[in-house]
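By convention in this document, chain letters (A, B, ...) are assigned in the order of the sequence lines, proteins followed by strands, and residues within each chain are numbered from 1. As the structure is a prediction and not an experimental result, all values here were calculated from the model.
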Number of protein chains: 2
Amino acid sequence: MFPAEATLAPLDAMAVAGLREHVHRALRQALLSGSFAPGARLNERAIAEQLGVSTTPVKEALRLLEADGLVRTKPRSGVIVNFDFAWAEEMILARAAIESTIARLAAQRIAPEDKPVLAQILTDMAQATAESSADDLVRLNEAFHGHIRSVARANYLRLLNDRQDVYDSGARRVIHSDPAERQRGLEEHTAIGRAVIAQDADSAEAAMKAHVLRAGESYLDLVFRKNKD
Amino acid sequence: MFPAEATLAPLDAMAVAGLREHVHRALRQALLSGSFAPGARLNERAIAEQLGVSTTPVKEALRLLEADGLVRTKPRSGVIVNFDFAWAEEMILARAAIESTIARLAAQRIAPEDKPVLAQILTDMAQATAESSADDLVRLNEAFHGHIRSVARANYLRLLNDRQDVYDSGARRVIHSDPAERQRGLEEHTAIGRAVIAQDADSAEAAMKAHVLRAGESYLDLVFRKNKD
DNA sequence: TTGTGAAATTTGATATATCACATCTCAGAT
DNA sequence: ATCTGAGATGTGATATATCAAATTTCACAA
């Protein structure tokens, strides 16, 4: 009646990540979506009270943000928001540099059995570009980039990349709703995927760099131009 | 007798950086020089006691290290050393990617008055390579890379770069004592400097990437092969 | 009115106490 | 002998108290 060994899915590690991560995410999201003006000061006690926690996890989260580069600490004075257009622009340059290095590794290291998986994702993306919702496309997008990172077996680079996620989730949806953008994205993803499958490291690196830079431009345009209204 | 407005140099911000930074540096140095085995666990209380501080700055420093990627936190269990050969290798790839992006920006943005400064540093390096101590060469080396970063006016990228400093100061001296290495370094630096002065962005980027990758290899060879004895 | 500086206040930095989860130990059952 | 799990112990996570530097306020003098 029951299987001898019921396999319970281990609960998501992030679910028990603790307050520190929670605070970190909350602040990060707020910063990237522009809720704090550049140069504004963050108050440890105020944040702690607002989130209903003590200052200890807040301090730790601020250190994480500091290392993310989104915030700067003026010793014995305060924590200052360090995110604006120029900063976002540089983050995208960095992302392009890192992610293209990952793509190169992926092309060099991809295992034969991973090739059909990547090809399948590309097929799905082509279909989804034509008919599916922005949400589906965002999901596939992440599956694609995730698979590239995965076959590259790059741990440190991957960490860096996560840390450089400049994209506000709201804006991401908006972008993936624009038909022209969807089309361009598909073409670029296809080029990257084919290069990786063909194990053409130079092409994979170049295609990824071009993609991240161009997509980044679109994003900056959307988020920062909109704010100027 | 006195100038109307005596401009006192603000004392080095880092001198008063506080315990957090102090702990961070101490641990970072220890990790990079291999004092902790990969996978070893770091004990907050033990570190705090050893350094004569409370656990609060230690916790904050560990968060910084965590973001540096040198350490990983297993929730509610402990902090684990996350630095080994493969990790260092990837840090060098990342460094090459970031620093070459900086070199590109430098070539694009260098101001006319900065060109002679850079040229002068190259001249000094040529001379020091032939006649000076490793310490002098290390200093010039830093002046060179620092000047490139400075003319690139890249803030975020610069931050990333600082975070990726894998080089143990001891090993750096050893490397700059080897004649062959000194010669290669000079040639590469010259190529980079000339490309930046000529505002040839593609060459500057390529030359910097090649330099960082090659120098990184030398470093890995020295530090990790030596440990295998 | 304007500039000065001392006092009040804010706020980050640090230390300490407490809690809860993870890991280890070992007696007792099989 | 091996496995199980309850209790003991270790350790990070969190909360709170205290301190000292930075900032702001404001009365007062020029």
Side-chain angles (χ1 to χ4, degrees), chain A residues 4-6 8 10-27 31 36-37 39-82, chain B residues 2 4-6 8-27 31 36-37 39-82:
Chain A
E5 243 179 77
L8 299 178
L11 36 77
D12 186 6
M14 285 300 93
V16 289
L19 295 180
R20 177 206 313 155
E21 257 326 286
H22 181 256
V23 175
H24 181 214
R25 282 158 201 261
L27 288 175
L31 282 166
F36 294 103
R41 298 175 36 142
L42 296 183
N43 184 303
E44 291 185 355
R45 296 207 229 277
I47 294 166
E49 192 183 1
Q50 238 180 297
L51 296 177
V53 300
S54 86
T55 64
T56 309
V58 173
K59 296 180 84 59
E60 294 187 271
L62 287 175
R63 296 293 82 75
L64 257 7
L65 284 174
E66 186 180 7
D68 287 345
L70 294 177
V71 121
R72 165 173 51 97
T73 300
K74 204 172 147 197
R76 252 159 282 263
S77 167
V79 177
I80 290 145
V81 176
N82 210 16
Chain B
F2 294 108
E5 243 180 75
L8 300 179
L11 38 77
D12 186 7
M14 284 300 94
V16 289
L19 297 180
R20 175 207 313 155
E21 255 326 286
H22 181 258
V23 176
H24 180 214
R25 283 158 200 261
L27 288 175
L31 283 167
F36 295 103
R41 297 174 37 134
L42 296 182
N43 183 303
E44 291 186 355
R45 296 205 229 276
I47 294 166
E49 192 183 359
Q50 237 179 299
L51 296 176
V53 301
S54 86
T55 64
T56 310
V58 173
K59 296 181 83 60
E60 294 186 89
L62 288 175
R63 296 293 83 75
L64 256 6
L65 284 174
E66 186 179 8
D68 286 345
L70 295 178
V71 121
R72 166 172 51 97
T73 301
K74 203 172 147 198
R76 252 160 282 260
S77 167
V79 177
I80 290 143
V81 176
N82 209 17

#### Entry: Nearest-nucleotide comparison on DNA chain D, the residue closer to the 5′ end among Gly52(A) and Lys74(A)
Gly52(A)

### Message
Assess the residue pair Thr73(A) and Arg63(A) against the criterion (side chain to side chain contact (heavy atoms under 4.5 Å, CB included)); give the C-alpha distance rounded to whole Å, side-chain angles, the decisive distance to 0.1 Å, and a yes or no.
### Response
CA-CA 9 Å; Thr73(A) 300; Arg63(A) 296 293 82 75; 3.2 Å; yes

### Message
Mind checking if Ile47(A) touches a base, just sugar-phosphate, or nothing, with heavy atoms under 4.0 Å?
### Response
nothing

### Message
Please classify the nucleic acid contact of Arg45(B) as base, sugar-phosphate, or nothing, using heavy-atom distances under 4.0 Å.
### Response
base

Closest approach of [X] to [Y] (non-hydrogen atoms, all atoms of both residues):
{"X": "Ala61(B)", "Y": "Arg20(B)", "value": "CB-O, 3.8 Å"}
{"X": "Leu19(A)", "Y": "Pro57(A)", "value": "CB-CB, 4.0 Å"}
{"X": "Ala67(A)", "Y": "Leu64(B)", "value": "CB-CD1, 4.2 Å"}
{"X": "Val23(B)", "Y": "Val53(B)", "value": "CG2-CG2, 4.4 Å"}

### Task
Starting at CG of Leu62(A), measure out to CG of Leu42(A) and round the result to the nearest 0.5 Å.
6.5 Å

### Task
Calculate, to the nearest 0.5 Å, the distance between atoms OG1 and CD belonging to Thr55(A) and Glu49(A) respectively.
12.0 Å

### Query
Quick check: does any side chain N or O of Arg41(A) sit under 3.5 Å from a backbone N or O of Ser77(A), one acting as donor and the other as acceptor?
yes

### Query
Between residues 54-72 of chain B and DNA chain D, which residues have a heavy-atom gap below 4.0 Å?
Lys59(B)

### Query
Listed by chain and number, what are the side-chain contact (heavy atoms from CB on, under 4.5 Å) partners of Asp68(B), not counting sequence neighbours?
His24(B), Arg28(B), Leu65(B), Leu70(B), Arg163(B)

### Query
Thr56(B): what forms a side-chain contact (heavy atoms from CB on, under 4.5 Å) with it, not counting sequence neighbours?
Ser54(B), Glu60(B)

### Query
Between which nucleotides of DNA chain D, 5' to 3', does chain A make heavy-atom contacts below 4.0 Å?
dA13(D) to dT23(D)

#### Entry: d(CZ, Arg76(A); C1', dG12(C)) in whole Å
9 Å

### Message
Quick test of your reading of the model: are Arg25(A) and Glu21(A) salt-bridged, counting only N-O distances below 4.0 Å?
### Response
yes

### Query
If pairs are Watson-Crick or G-U with both distances under 3.5 Å, what is the dot-bracket string of DNA chain D, marking crossing pairs with [ ] and pairs to another strand with |?
||||||||||||||||||||||||||||||

Polar-atom pairs under 3.5 Å, protein N or O versus N or O of nucleotides 7-10 of chain C: list them with distances, or write none.
none

